Amino acid sequence: MNAVTIEPATGLLCLSRALASELLPFEHAAIIHPSDTRTAAIFRGSWFNPDRRCWEDNTFAAHGGNVEEAVARGTPRFVTMNAFRTRSACFKSDWRENPWKETQNLAALQAVWTELDFHDKPAWKHLSPAEMIFHVIERIRSRGWPLPTYILCSGSGLHVVWLHTRVSPRKAMGIWKALQQALNDAFIDMGRDKAAMSATTNLRLAGTKNEGRPVSILWPVHVDEIVRHDFDELCRAILPYTVDEARAYKAKLREQKTARQARIAAPTGTPRLTGTTFYATLLADLDKVMTDRFPGVVDDGHRNEMLFIHARVWAWLMEPDELIARIKAEAPRFGFTQREALTHMRSVINRAKSACNVGRGQADPRYKIGPQRIRVDLGITAREAKRLDLRMLIPPSLRRARAAERAEKSRRARGAASRAEQQSVRLEHGREAIRLREVEGLTRIQIAERLGGVSPSYVDKAVKEAKAVALIRPKRARKTKEELNEDSLEAEILDQKRERRIADREAEAIAAAAMAGSHDSSRYMSNDAGALVAAESPAYHGDIHGVAPPSSEEHERLVSGLAGRPFSVSAPRQHANEEARRRHAWWTDHLRQLTRSLAEGRSASAR
DNA sequence: CGACTTCTGCTAAGTGTCAA
DNA sequence: TTGACACTTAGCAGAAGTCG
């Protein structure tokens, strides 16, 4: 009896009680590509070419109804999981002999899958494929996902496949990709093969051999237990967001962009920034550097480099005619004759000329030149950039410092108080609180009231910090400004130094006091949370908050960091905030699963 | 009761991105 | 480049709890 037969009346597939592990290649192909489909299944195999006396790749295609005949004819070892249009890769050739296996020729999406190469993963490599299936199913169950249609042993790894109702790539490719990604992301630690995720992938056929090892379906046991899922049901069960939520998110992004564009279009006090302002600022910086380094004529060793940089920037600011005129006019400043300058800058001029004839969508041939490149080429240091008050030719450190300055200025303009101010006020309060307690014998509640209705916790903290600062032993008294000479520069510098030193020591003492007790738990970890947990802690008991699920790479690091180490997860705590609660639940659940699978991996390896 | 910790909302600080 | 804004991180503060 065949495991898979076709119902004559309906043309539909009949699955018998036969063992799935004994499925033949054509039966497996017929399950993936049902007989009622008019789209193409593309097969790949190899055949012995008697003329050339070697094995050659053989790719061919068949309709769902012709799978048996095609497989018998071509003896393939692979079949595409999705279906293609009956079009040929070459003009005038037959699609059956020369199928077009590319994304743009996809006719129907009908499966999602993950290929697991677990044999090189430390936590899993000791397991046999049959043992591994247990863990795969367990993981799928723990996520509440539908069980796969089948799990096939490819001879080296596992193919976990969910066949689903056919959907059009044009309508559903985005969702299908998200589904495929979500499934595969769940198996990164088990060695999911990134290269086998594309919609055009072909996978091994059951009943064939892979380097002598049999390829067969290990789960489910019987052919009639094989089920095809509803695509929408799969999406609902597996995707973290619904299609509507994803649409709403995209709409929000569009809205934000429109709002930003409207804001920019509106007239403001600040100058409107354009490509011209960009290059003009760059040029201003460049001129400052050149005037400073070469007050007269640029010396021989640098003239070509300097003129080349200038010419490339000018090319973005003016028409070719103006560029030529400018090069001629500036030539003496760079130590060139007009003729020499034009010769040396020929390529810049030619590119500027051809840029005038560039059509839409074509690349601009002018040399792209950015501030960082110029800065490195000219070896401009932070000190030089600061001294010349450069705006663009500055190192990243200075750029960051300027951005921070701007942000602070903007905050102050909005009336925000600085942390230093808050801290110095608190220090004064702490000193006053100590005095009130020791001299007037007030309780902390009374002190809190006396300090203007602050909280008792605030008093605690203020006193703690004031005590820490009081413990700083005064160093040998130095000469005062009066003693030295009130107006001397030396006195001023010494005074500044002393003030800075005192401030530094106070800050250190406050920081040390804060560290003496238990410090704030790190509630908001970066996206590196996984790696941080793995690296920092053999048994991490702290809470994890405000953390987005990790990316694939982060997950990979987390898993490799935790393998073979003791690990525990704290009990979830109450979160008022819905988003925080969701994220915390996600992490707790995720890490528990990980702990369990690692523990199972270890106990299995111990046996 | 004081000293201290834990939890959680709020916000300053800092960084990245965007306009072309 | 500048300025505005989104976003993450770190720190602050108050409430509530624990401990001796």
Side-chain angles (χ1 to χ4, degrees), chain A residues 252-253 256-266 268-286 288 316 370-372 375 385 389-394 396-423 425-426 429 433-434 437 441-448 453-465 467 507 510-511 513-529 532 541-543 545-548 570 572-577 579-581 584:
Chain A
K252 191 181 149 205
L253 287 186
Q256 283 175 349
K257 192 174 180 189
T258 314
R260 199 164 51 230
Q261 280 167 346
R263 207 175 50 233
I264 286 152
T268 57
T270 57
R272 202 186 145 95
L273 297 170
T274 62
T276 307
T277 62
F278 178 90
Y279 284 108
T281 312
L282 191 56
L283 201 57
D285 273 10
L286 205 48
K288 278 184 190 170
W316 289 95
Q372 288 312 309
R375 186 185 66 80
D389 191 32
L390 304 183
R391 309 319 293 170
M392 287 178 90
L393 299 179
I394 57 175
S397 57
L398 193 53
R399 181 186 312 281
R400 272 200 304 278
R402 291 231 175 106
E405 260 171 42
R406 276 204 302 275
E408 189 184 350
K409 200 174 130 198
S410 146
R411 272 195 296 274
R412 297 286 165 270
R414 279 182 279 125
S418 77
R419 291 241 153 106
E421 272 170 56
Q422 292 178 31
Q423 205 172 59
V425 168
R426 199 169 54 238
H429 277 156
I434 292 171
R437 198 170 60 199
L442 301 188
T443 69
R444 59 201 273 278
I445 309 270
Q446 289 167 327
I447 294 170
V454 299
S455 72
S457 311
Y458 177 89
V459 175
D460 285 345
K461 186 167 185 167
V463 168
K464 190 177 173 184
E465 288 178 2
K467 277 183 182 171
I510 289 170
M515 289 299 290
S518 86
H519 51 88
D520 256 10
S521 57
S522 180
R523 292 175 299 138
Y524 295 96
M525 293 186 185
S526 68
N527 286 335
D528 259 352
L532 192 137
H541 293 278
D543 295 320
H545 303 251
V547 175
S570 64
R573 67 183 194 200
Q574 290 305 308
H575 287 275
N577 174 306
E579 175 64 11
R581 199 157 44 227
H584 186 265

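Convention: sequence-line order gives letters A, B, ...; per-chain numbering from 1. No experiment lies behind these values; they were computed from the predicted model shown.
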Would you mind reading off the distance between H429(A) atom NE2 and dC12(C) atom C1', rounded to a whole angstrom? 15 Å
Just say parallel, tilted or perpendicular for the rings of W316(A) and Y279(A), cut-offs at 30° and 60°. parallel
Give me the distances for all protein-to-nucleotides 1-3 of chain B N/O pairs that come in under 3.5 Å?
from: dG2(B); atom 1: OP1; to: R444(A); atom 2: N; distance (Å): 3.1
from: dA3(B); atom 1: OP1; to: R437(A); atom 2: NH1; distance (Å): 3.4
from: dA3(B); atom 1: OP2; to: R437(A); atom 2: NH1; distance (Å): 3.0

Pairwise side-chain contact, L282(A) with M392(A), heavy-atom cut-off 4.5 Å (strictly under): yes
Over all heavy atoms of both residues, which pair between A433(A) and V463(A) is shortest? Give the atoms and the distance, please. CB-CG2, 3.6 Å
Rounded to whole Å, the OH-C1' distance (Y279(A) to dA20(B)) equals 11 Å
Steps toward side chain to side chain contact (heavy atoms under 4.5 Å, CB included) verdict (T443(A), R437(A)): CA-CA 7 Å; T443(A) 69; R437(A) 198 170 60 199; over 6 Å; no
Roughly how far apart are R391(A) CZ and T281(A) OG1, rounded to 0.5 Å? 9.5 Å
Starting at atom OH of Y458(A), determine the distance to atom P of dT5(B), rounded to an integer number of angstrom. 19 Å
Could you tell me the separation between the CG atom of L282(A) and the P atom of dT2(C), rounded to a whole number of Å? 13 Å
Dot-bracket, 5' to 3', for DNA chain B please: Watson-Crick or G-U pairs under 3.5 Å, [ ] where pairs cross earlier ones, | where the partner sits on another strand, dots elsewhere. |||||||||||||||||||.
Using a 3.5 Å distance criterion without hydrogens, assess whether the side chain of K288(A) forms a donor-acceptor pair with backbone atoms of D389(A). yes
D285(A) side chain to L390(A) backbone, donor-acceptor under 3.5 Å: no
State, to 0.1 Å, how close Q446(A) and G441(A) come at their nearest heavy-atom pair, and which atoms those are. OE1-O, 4.5 Å
What is the distance, rounded to the nearest whole Å, between atom CE of M392(A) and atom P of dT1(C)? 6 Å
